[in-house]
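Reckoned from all heavy atoms, side chains included, excluding hydrogens, waters and symmetry mates.
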Amino acid sequence: MMPYPRVEKEFTFRLNGEEVRVRAPPGYTLLEVLRHILHLTGTKDGCSSGDCGACTVLLDGRAVHSCLTLISQVEGREVTTVEAVDEKVAEAYARHGAVQCGYCTPGFVVATASLLSKITNPSDGEIREWLRGNLCRCTGYVKILKAVESLAGDGV
């Protein structure tokens with residue numbers, strides 16, 4: 001039996017401020033391209049079904065689950081991963097002990113950066129609403145909320 005040929009297509013988009021070209025099967029997700037082709041492993045694969053938010057990236061400045069985003073949807077667009085988010089966000093998470101096991105942290109950090117780019121001084125309700133697509137399986141969310149609150153009005 002002959003193996004099926006692997007069909008690939010070239011995709012061009014901006015990644016963390018730089019134009020990239022990748023060859024990938026059109027059915028690959030953005031998460032697969034980031035982790036397996038571009039070797040950017042900061043974005044995590046938590047559930048592969050869009051439930052946990054560990055794979056959150058910014059697509060044209062909007063937080064999306066990269067496990068649900070096909071690479072063909074990214075053509076010509078701007079992707080920002082946790083590797084390019086303002087370090088102040090990750091530092092706030094570390095300072096407030098919000099990292100815990102760390103697996104969900106990249107998704108929370110990206111979602112937080114997205115929130116603060118839209119609402120510079122969010123209320124507790126706005127923070128909870130904005131982060132609701134991200135799940136932490138370790139403990140509670142108190143430290144995460146404190147980390148985000150500490151950044152309010154900080155110009156992130």
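Rounded to the nearest 0.5 angstrom, E91 CD and R95 CZ are separated by 7.0 Å. If you take OG1 on T120 and CG on L151, they are separated by 12.0 Å, rounding to the nearest 0.5 Å. With rounding to the nearest 0.5 Å, the separation of CG in L40 from OG in S66 is 11.0 Å. The CG atom of L38 sits 10.0 Å away from the CD atom of E83 when rounded to the nearest 0.5 Å. Interatomic distance, SG of C52 versus NE2 of H65, reported as 7.0 Å (0.5 Å rounding).
Tracing side-chain contacts under 4.5 Å through hydrophobic residues (I, L, V, M, F, W, Y), one reaches I37 starting from L30; they form part of the same cluster. Cluster membership check: Y93 does not share its hydrophobic cluster with V57, using side-chain heavy-atom separations under 4.5 Å among Ile, Leu, Val, Met, Phe, Trp and Tyr. Cluster annotation: L135 is connected to L145 through the hydrophobic network of ILVMFWY side chains, with a link wherever side-chain heavy atoms come within less than 4.5 Å. Linking ILVMFWY side-chain heavy atoms closer than 4.5 Å, directly or via other members, places L34 and L58 in two distinct hydrophobic clusters. In terms of hydrophobic clustering, with Ile, Leu, Val, Met, Phe, Trp and Tyr side chains grouped at heavy-atom distances under 4.5 Å, V142 and V99 are assigned to different clusters.
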side-chain contact (heavy atoms from CB on, under 4.5 Å) between I127 and Y141: does it pass, once the steps are laid out? CA-CA 11 Å; I127 294 170; Y141 296 83; over 6 Å; no

Assess the residue pair Q100 and C136 against the criterion (side-chain contact (heavy atoms from CB on, under 4.5 Å)); give the C-alpha distance rounded to whole Å, side-chain angles, the decisive distance to 0.1 Å, and a yes or no. CA-CA 9 Å; Q100 301 167 118; C136 170; 3.4 Å; yes

For a side-chain contact (heavy atoms from CB on, under 4.5 Å) check, start with the C-alpha distance between R6 and E8, then their side-chain angles and the critical distance, and finish with the verdict. CA-CA 6 Å; R6 184 177 166 156; E8 291 186 344; 3.0 Å; yes

Could you walk me through whether L68 and T29 pass side-chain contact (heavy atoms from CB on, under 4.5 Å), step by step? CA-CA 7 Å; L68 298 179; T29 65; over 6 Å; no

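Within a 6.0 Å sphere centred on CD of E10, heavy atoms belonging to other residues, nucleotides or ligands number more than 12. Heavy atoms from other residues, nucleotides or ligands lying under 6.0 Å from CZ of R132 number 12 at most. The number of heavy atoms from other shown groups lying within 6.0 Å of CD (E87) does not exceed 12.
Taking all atoms of both residues into account, the shortest heavy-atom contact from G17 to E78 is N-OE2, 3.4 Å. Minimum heavy-atom separation, A98 to T105: O-OG1, 4.4 Å. In this structure, V22 and F13 approach most closely via the heavy-atom pair CG2-CE2, 4.1 Å. Between R137 and C47, the closest heavy-atom pair is NH2-CB, 4.3 Å. Summarising the geometry of L131 relative to A111, their closest heavy-atom pair is CD2-CB, 3.7 Å, with the distance given to 0.1 Å. Contact detail for C67 and S48: the closest heavy-atom pair is SG-C, 3.8 Å.
When each of V64, L31, V33 is checked for a side chain to side chain contact (heavy atoms under 4.5 Å, CB included) with T69, only V64 meets the rule. For the side chain to side chain contact (heavy atoms under 4.5 Å, CB included) with V79, the lone residue among L15, N16, T43 that qualifies is L15.
Scored by the salt bridge (charged side-chain N to carboxylate O under 4.0 Å, His left out) test, D60 finds R77 as partners (sequence neighbours excluded). Partners of V82 according to the side-chain contact (heavy atoms from CB on, under 4.5 Å) rule, which considers only residues two or more places apart in sequence or in another chain, are P106, V109, V110. Residues that satisfy the side-chain contact (heavy atoms from CB on, under 4.5 Å) test with K118, not counting sequence neighbours, are W130.
Between the side chain of N121 and the main chain of A152, no donor-acceptor pair closer than 3.5 Å is present. For K44 (side chain) and T41 (main-chain N/O), a donor-acceptor pair under 3.5 Å exists by modelled atom type. Distance alone, capped at 3.5 Å, places no donor-acceptor pair between the E19 side chain and the T12 backbone. At least one donor-acceptor pair closer than 3.5 Å links the side chain of Y103 to the backbone N or O of D45.
Side-chain atoms of P122 and L116, non-hydrogen and from C-beta on, do get closer than 4.5 Å to each other. When side chains are defined from C-beta on, R14 does not count as touching V20, because their heavy atoms never get closer than 4.5 Å.
Y28 and S72 share no donor-acceptor pair across their side chains, judged by distance under 3.5 Å alone.
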